[in-house]
There are 2 protein chains.
Amino acid sequence: MNVNEALDLLKSNGYKATGKRKDILDYFAEQDGYRTAKDLIIHLENGNDTVSFDTIYRNLHLYNEMGILETTELSGEKHFRMNCGNHHHHHFICNECGRTKAIDVCPMDDVKKSLVNYAIEGHKFEIYGLCPTCQNN
Amino acid sequence: MNVNEALDLLKSNGYKATGKRKDILDYFAEQDGYRTAKDLIIHLENGNDTVSFDTIYRNLHLYNEMGILETTELSGEKHFRMNCGNHHHHHFICNECGRTKAIDVCPMDDVKKSLVNYAIEGHKFEIYGLCPTCQNN
DNA sequence: TTTACAAATCGGAATCATTACGTTATTATA
DNA sequence: TATAATAACGTAATGATTCCGATTTGTAAA
């Protein structure tokens, strides 16, 4: 997902393409890992932009619902990143820099066999650690 | 893990077996799913017990570090349950009642092959949905 | 291009889980 | 039972997130 695809998606769903929305998309497009609402706020403030919590959180949630951003919760704080593809996948997440590596292994086929009377609504599979770069710092 | 095992573990590590600690263990022993600090507080208050946040959180963390309680984070809130065994396993977690079912499938052996230069520090694999009981309510 | 209105943003207060802290009480041990 | 260390109390502080009334902005129609 890139910025233009995301903007098109917004418009085709009747949402307005505002300046703030573009700024937020630009930020996540140039990152390649999970970032928090606070990371985003700091970035925008450095660009001499004013930001309201309302605007930040409303749009992060909207983007997540629309599939523009993926989200995960790490130590009590929501983290967001650009959606990196339409195929089902999971992530290695670096504890230091938040950057990710896609993992194509998914154990759900195996698991479903042992949950026959359960209604499965979702699952989470994440691997945490240090990426090659952060191991040398 | 049952209450007596946990109390022995506490004592053998030099921790005191206080009334509050027993109350907290009793609570988790009679539950069979993930519960929050708030769930515990409400339970203790109903028993006409006074509770300090300090006591609750300090002991929840202690129990987690000692392996007496397992923990996971669901929608921004930490959840705890009695440790249900020494073997490595994962959980199906009911979105309605918090009860769990152990899952023995673990995909990490497969995954490690694609993360050769990464330092793996942990992983999380959880399945969410409705248990058989909660589907009928 | 202006107008009009719905949608979005602003600024700040409120909320909720969790942590921190000085004081008081309880536990284990001698 | 006296002692010292550990734990609990009560409450204030913190940090992320949500909420809200007032104001501004984007878009579609005139």
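Predicted model, so just to flag it, every value in this text is computed and none were measured. Numbered from 1 within each chain, the chains take letters A, B, ... in sequence-line order.
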| field | Mutual orientation of the aromatic rings belonging to H123(A) and H88(A) [parallel < 30°, tilted 30-60°, perpendicular > 60°] | value | tilted

| query | Which one of N83(B), T71(B), L10(B) satisfies the side-chain contact (heavy atoms from CB on, under 4.5 Å) criterion with Y63(B)? | reply | L10(B)

| request: Starting from the 5' end of DNA chain C, give me the residue, T50(A) or D54(B), whose nearest nucleotide shows up first. | output: T50(A)

| field | Touch class at under 4.0 angstrom, heavy-atom based, for K16(A) against every strand present | value | base

| Starting at the 5' end of DNA chain D, which residue's closest nucleotide do you reach first, F53(B) or G19(B)? | G19(B)

| said: Among dT18(C), dT17(D), dT9(C), which nucleotide has an atom closest to any side-chain atom of T55(A)? | reply: dT9(C)

| query | Would you say dA8(C) has OP1 or OP2 under 4.0 Å from some side-chain N or O of T18(A)? | reply | no

| message | Count I, L, V, M, F, W, Y as connected when their side-chain heavy atoms are under 4.5 Å apart, and connections chain through other members. Are I41(B) and L69(B) then in the same cluster? | response | yes

| request: Tell me whether the OP1 or OP2 atom of dT18(C) has a side-chain N or O from H61(B) closer than 4.0 Å. | output: no

| Separation of dA7(D) C1' from L60(B) CG (nearest whole Å) | 15 Å

| message | Is K38(A) close enough to dA16(D) that one of its side-chain N or O atoms is under 4.0 Å from OP1 or OP2 there? | response | yes

| query | Does a donor on one side chain and an acceptor on the other come within less than 3.5 Å for E70(A) and N64(A)? | reply | no

| note | Separation of dC16(C) atom P from L74(B) atom CG, nearest Å, is 19 Å

| What integer distance in Å separates N13(A):CG from dG26(D):C1'? | 17 Å

| Considering all heavy atoms of both residues, which atom of Q135(B) and which atom of L130(B) are nearest to each other, and what is their separation? | NE2-O, 3.3 Å

| remark: Atom CG of N59(A) and atom P of dG26(D) are separated, to the nearest Å, by 13 Å

| query | How is T36(A) classified with respect to the nucleic acid when contacts are heavy atoms under 4.0 Å: base, sugar-phosphate, or nothing? | reply | nothing

| remark: From CD of E73(B) across to P of dA16(D) the rounded distance in Å is 13 Å

| query | Within the structure, does a side-chain N or O atom of S52(B) lie under 4.0 Å from either OP1 or OP2 of dG10(D)? | reply | no

| note | Whole-Å distance, D23(A) CG to dT9(C) P, equals 10 Å

| remark: Separation of dA8(C) atom P from K11(A) atom NZ, nearest Å, is 14 Å

| message | Check this one for me: any side-chain N or O of R58(B) less than 4.0 Å away from OP1 or OP2 of dT19(C)? | response | no

| Base, sugar-phosphate, or nothing for R21(B), non-hydrogen atoms under 4.0 angstrom? | sugar-phosphate

| message | Under 4.0 Å from OP1 or OP2 of dT17(D): is there any side-chain N or O of Y57(A) that close? | response | yes

| message | Please check: side-chain N/O of H90(A) versus main-chain N/O of F125(A), any donor-acceptor pairing under 3.5 Å? | response | yes

| task | Quickly work out the I41(A) CD1 to dA16(D) C1' distance and round it to whole Å. | result | 9 Å

| message | Does dT24(D) have OP1 or OP2 under 4.0 Å away from a side-chain N or O of K20(A)? | response | no

